[in-house]
Asks: 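One structure follows; several queries about it will come next.
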Protein chains: 2
Amino acid sequence: MSETQPTPRFRQRAAKMGELVARQILEDIVEQGLSPGAALPTEAQMLQAYGVSRGTLREALRILEHNGLLQVRPGRGGGPIVGAVDPHTFGRTMALFMQMGRTRFGELVEARVIMEPLMARLAAERRDAARLRELAESMREHSTLEERDEASYLAVMQRFHGVVAGLSGNGVLDLFGRALKEIYTERVVAAERRPERWEDVRREHQAVAAAIADGDGAEAERLMRAHMLALADHLERDYAGLHDEVVGWW
Amino acid sequence: MSETQPTPRFRQRAAKMGELVARQILEDIVEQGLSPGAALPTEAQMLQAYGVSRGTLREALRILEHNGLLQVRPGRGGGPIVGAVDPHTFGRTMALFMQMGRTRFGELVEARVIMEPLMARLAAERRDAARLRELAESMREHSTLEERDEASYLAVMQRFHGVVAGLSGNGVLDLFGRALKEIYTERVVAAERRPERWEDVRREHQAVAAAIADGDGAEAERLMRAHMLALADHLERDYAGLHDEVVGWW
DNA sequence: CGCCATTTGTCCGTATGTATA
DNA sequence: TTATACATACGGACAAATGGC
C-alpha cells in the first residue's frame with residue numbers, strides 16, 4: 001500500500017515448533033526421494049520421531065497439507081502420504097493471496113486475456129515436437145465431441161488451454177497460466193455453457209491450434225486474443241456483477 | 001506432465017475443520033476491511049466466535065500465519081494481527097512449485113523478460129494518479145543515490161520494478177510480477193553489482209519512467225524490454241551455468 | 001528491579017468419526 | 001456385521017513469553 005517506510009520489517013518469525021516440524025518433514029521427504037503417493041510414517045510414529053506433541057505435529061501436517069505437499073486420510077491404512085504439487089493446488093494458494101489483496105474477478109479475467117495470447121505466440125514460435133502431439137490429441141478430442149455431454153465438453157475445452165500453456169515452453173508461464181485457469185474455472189463453472197457458443201469455441205480453438213502448428217506466432221496471438229475477448233464478453237453478459245466480485249479462496 | 005487421464009481424480013478435499021476455519025477468518029478480515037497491523041480477536045475470543053476447539057483453531061491460524069496473512073505474537077498485548085499480502089512469501093511458495101516442476105532458472109529470467117515490458121505498457125496506458133506519485137518517489141530515490149552504498153542501490157533498483165508492477169493496475173499481474181522478482185533476487189543477489197553498469201541501469205529506469213509518465217505504452221514496453229534483455233545478458237555473462245540450474249526452494 | 005496479568009505455546013488424555021478387512 | 005487402525009476433534013492443564021506497574 002503506502003510503504004512509506006523503507007521496509008524495515010524485521011519479520012522475526014519466532015520459529016514456532018509447528019513450522020519447524022513442517023520443514024523437517026519436508027526435508028525428510030526430499031532426502032528420501034519419495035514420490036507422490038508414497039506412504040509416510042503415521043501420526044503416532046511421527047510423534048515419536050520428532051518428539052513433539054500431537055497438537056504441534058498436527059499444525060505441521062496442516063501447513064504441508066494446505067500446500068499440497070502431503071495428504072492425510074483417516075481410517076485403516078490411512079495416514080499421511082506424499083502429495084502431488086499441481087497447478088490446481090497452486091491456484092488455490094494464489095487465490096488465498098488474491099482474496100487478501102481484494103483482487104477483483106475482472107482483474108483475473110484481464111490477466112487471462114493478456115497471458116493466453118502471449119503463451120499462444122510462444123507456442124507457435126517454438127513448436128516443440130513432443131508437445132505438438134499433445135495439441136493434436138486435444139484437437140482430436142475437439143472433433144469427436146459432438147455427442148458428448150456438457151461435462152466432457154468443458155473438460156476438453158479447459159484442457160486445450162492447459163496444452164497451450166505447456167506449449168509455451170516456459171515452466172513459469174505455464175504454471176501461472178494454468179493456475180489462473182484453475183481459479184477461473186473454480187468460480188465460473190461455465191461461461192460458455194450456452195450450447196449456441198459451443199461450435200464457435202471449437203472453431204476458435206481449432207484456428208488457434210492451426211496457427212500454432214504453422215508456426216505463425218503473430219496469428220496465433222491474434223486469434224487467441226480474439227477468443228479470450230469473446231469469452232470475457234460472454235462472461236460479462238452471463239455473469240453480471242462478477243467483474244467486481246473479490247476473488248475468493250475455496 | 002502426461003495427463004493421459006481426464007483428471008478423474010476426485011480430489012475430494014475432506015473439508016477439514018482447520019481449513020474451513022482459516023477460510024472463515026480470512027473472509028472476516030476482508031469483509032471488515034481490516035488493514036495490515038490491525039488487531040484480530042484473541043484466541044480465546046475466536047474460540048467462542050467459531051465454536052471450535054483450540055487445537056482446530058490453532059491449525060487454522062498456522063495455515064494463515066505460514067502464508068504471512070496474519071501474525072501471532074505471545075504475551076500481553078499480543079495475539080493475532082493482520083498481515084500484508086507479501087510477494088516474498090508468495091514467491092517462496094511459488095518457488096516450491098517450480099522446484100517440483102524442475103523449472104530452470106533460465107525460464108524464470110525469460111518470464112521476467114516477457115512480463116516486465118508488458119506491465120510497463122499497462123502502466124503507461126493507465127497512469128493512475130496515486131501510483132504515479134510512487135513512481136516519482138522512486139525516481140527521486142534514483143537521482144539521490146550517488147553516494148550511497150551497494151545495499152541501498154540494490155534496494156532502490158528492486159523497488160522500481162515493484163512500483164511498475166503496481167502501476168500495471170492489475171492485481172494479478174502485480175502479484176505475479178513481484179513474486180518473480182523476489183525469487184530472482186533471492187538467488188541472484190546482484191547481476192548488476194558491477195559498478196560500471198550502475199549508471200546505465202539508472203538511465204534505463206529513468207527512460208522507462210519517463211515513457212510511463214508520458215503515457216506512451218509502446219515506448220515504455222520497448223524500453224523495458226531492452227532493459228530486461230540487457231539485464232539477462234549480463235546475468236548470462238556473470239553467472240554462467242545459472243541458466244540451466246533448477247529453481248530451488250529456500 | 002521484581003511482580004503480576006495477559007496471551008500464546010505446548011503437552012496430555014479421551015472420545016468420536018472413518019475407512020479397511 | 002464386527003473389529004481394527006487410523007486420523008479428527010475436544011477439553012483441561014501448565015509452561016513460556018511479553019508488557020505494564
Side-chain angles (χ1 to χ4, degrees), chain A residues 9-26 28-29 34 36-84, chain B residues 8-26 28-29 34 36-83:
Chain A
R9 38 181 166 156
F10 232 63
R11 199 188 298 95
Q12 198 160 327
R13 324 256 286 111
K16 314 224 163 127
M17 260 300 175
E19 202 156 353
L20 290 179
V21 174
R23 265 207 130 84
Q24 190 62 51
I25 294 174
L26 178 59
D28 291 347
I29 292 176
L34 300 180
L40 290 167
T42 67
E43 222 183 73
Q45 289 171 316
M46 284 189 176
L47 238 48
Q48 262 238 319
Y50 299 109
V52 293
S53 76
R54 242 182 220 82
T56 301
L57 176 61
R58 286 173 60 70
E59 287 177 13
L61 292 175
R62 273 301 160 283
I63 289 173
L64 295 171
E65 187 172 36
H66 176 258
N67 284 54
L69 283 120
L70 56 79
Q71 265 176 276
V72 188
R73 284 177 30 181
R76 182 182 181 132
I81 60 173
V82 179
Chain B
R9 37 182 163 161
F10 242 58
R11 203 185 297 95
Q12 203 161 323
R13 322 252 299 114
K16 313 229 161 123
M17 262 299 174
E19 201 159 352
L20 290 179
V21 174
R23 212 157 66 184
Q24 190 64 49
I25 293 174
L26 176 58
D28 290 346
I29 292 176
L34 299 179
L40 289 168
T42 66
E43 244 187 51
Q45 289 170 315
M46 285 188 175
L47 238 47
Q48 264 243 317
Y50 300 110
V52 292
S53 79
R54 209 164 152 217
T56 301
L57 176 62
R58 287 177 60 73
E59 288 178 13
L61 292 175
R62 272 302 158 285
I63 290 174
L64 295 172
E65 186 175 35
H66 179 257
N67 288 87
L69 271 51
L70 60 81
Q71 269 175 271
V72 186
R73 286 178 34 182
R76 184 181 179 125
I81 60 173
V82 179

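In what follows, every chain begins at residue 1, and chains take the letters A, B, ... in the order their sequences are listed. Only a predicted model underlies this, so the values are computations on that prediction, with no experimental measurement involved.
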Asks: Can you identify which nucleotide, out of D:dA7, C:dT10, C:dA5, has its nearest atom closest to the B:Arg76 side chain?
Replies: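 Closest nucleotide among those given: C:dA5.
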Asks: Between atom CD in B:Glu65 and atom C1' in C:dG9, what is the gap in whole Å?
Replies: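 Result: 11 Å.
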Asks: Go through it in stages, so that I can follow the logic: the residues are B:Leu40 and B:Met46, the test is side chain to side chain contact (heavy atoms under 4.5 Å, CB included), and I'd like the CA-CA distance, side-chain angles, deciding distance and then a yes or no.
Replies: CA-CA 9 Å; B:Leu40 289 168; B:Met46 285 188 175; 4.1 Å; yes
Asks: Side-chain donor or acceptor of B:Arg54 under 3.5 Å from a matching atom on the base of C:dT10?
Replies: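 Check passes, donor-acceptor contact within cut-off.
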Asks: Under 4.0 Å between any heavy atoms, over every strand shown, what does A:Glu43 touch: base, sugar-phosphate, or nothing? Just pick one.
Replies: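 Base contact - A:Glu43 has a heavy atom under 4.0 Å of at least one base atom.
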Asks: Would you kindly give the CD-to-P distance between A:Glu19 and C:dT10, to the nearest whole Å?
Replies: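 Those two atoms, CD and P, are 11 Å apart.
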Asks: What is the distance, to the nearest angstrom, from the NZ atom on B:Lys16 to the P atom on D:dA7?
Replies: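 Value for this atom pair: 10 Å.
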Asks: Between B:Gly75 and A:Met17, which is nearer to the 5' end of DNA chain C once each is assigned its nearest nucleotide?
Replies: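 Its nucleotide being nearer the 5' end, the pick is B:Gly75.
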Asks: Rounding to a whole Å, what distance do you find between B:Leu40:CG and C:dT7:P?
Replies: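 It is 14 Å, rounded to the nearest whole Å.
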Asks: Look at all strands and tell whether B:Gly79 reaches a base, only sugar-phosphate, or nothing, counting heavy atoms closer than 4.0 Å.
Replies: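 It contacts sugar-phosphate atoms only.
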Asks: Is the closest side-chain heavy-atom distance between B:Gln24 and B:Asp28 below 4.5 Å?
Replies: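 B:Gln24 reaches B:Asp28 side chain to side chain.
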Asks: Between A:Glu65 (side chain) and A:Val72 (backbone), is there a donor-acceptor pair under 3.5 Å?
Replies: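 Yes, A:Glu65 side chain to A:Val72 backbone: donor-acceptor pair under 3.5 Å.
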Asks: Over how many whole Å does the gap from B:Glu59 atom CD to D:dC10 atom P extend?
Replies: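 To the nearest whole Å, that distance equals 9 Å.
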Asks: Tell me: OH of B:Tyr50 to P of D:dC10, nearest whole Å?
Replies: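 The answer, rounded to whole Å, is 15 Å.
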Asks: Counting only side-chain heavy atoms from C-beta out, which of C:dT10, D:dA17, C:dT18 sits nearest to A:Pro74?
Replies: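 That would be C:dT18.
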Asks: Does B:Glu43 reach the side chain of B:Arg58, with side-chain heavy atoms less than 4.5 Å apart?
Replies: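 A side-chain contact exists here, since the closest heavy-atom pair is under 4.5 Å.
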Asks: Verify the contact: side-chain N or O of A:Ser53 to OP1 or OP2 of C:dT10, cut-off strictly under 4.0 Å; return yes or no.
Replies: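 So the side chain of A:Ser53 is outside the cut-off, no N or O lying under 4.0 Å from OP1 or OP2 of C:dT10.
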Asks: Is there a donor-acceptor pair under 3.5 Å between the side chain of B:Gln45 and the backbone N or O of B:Thr42?
Replies: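 Yes.
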Asks: Could you tell me the separation between the CG atom of B:Leu47 and the P atom of D:dA9, rounded to a whole number of Å?
Replies: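 In whole Å, D:dA9 P lies 14 Å from B:Leu47 CG.
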Asks: Where the side chain of A:Val72 is concerned, which of D:dT8, C:dG9, C:dT10 is the nearest nucleotide?
Replies: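 So the nucleotide nearest the side chain must be D:dT8.
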Asks: Are OP1 or OP2 of C:dT6 and a side-chain N or O of B:Thr42 less than 4.0 angstrom apart?
Replies: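 No, because none of the side-chain N or O atoms of B:Thr42 sits under 4.0 Å from OP1 or OP2 of C:dT6.
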Asks: At less than 4.0 Å, is any side-chain N or O atom of B:Arg58 found next to OP1 or OP2 of C:dT8? Yes or no.
Replies: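 For B:Arg58, the contact criterion (side-chain N or O under 4.0 Å from OP1 or OP2 of C:dT8) is not met.
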Asks: Between C:dT20 and A:Arg73, is there an OP1 or OP2 to side-chain N/O distance shorter than 4.0 Å?
Replies: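 Affirmative; the distance criterion is met.
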Asks: How close or far is atom P of C:dT7 from atom CG of B:Leu61, stated in whole angstroms?
Replies: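 Nearest whole value for this atom pair: 15 Å.
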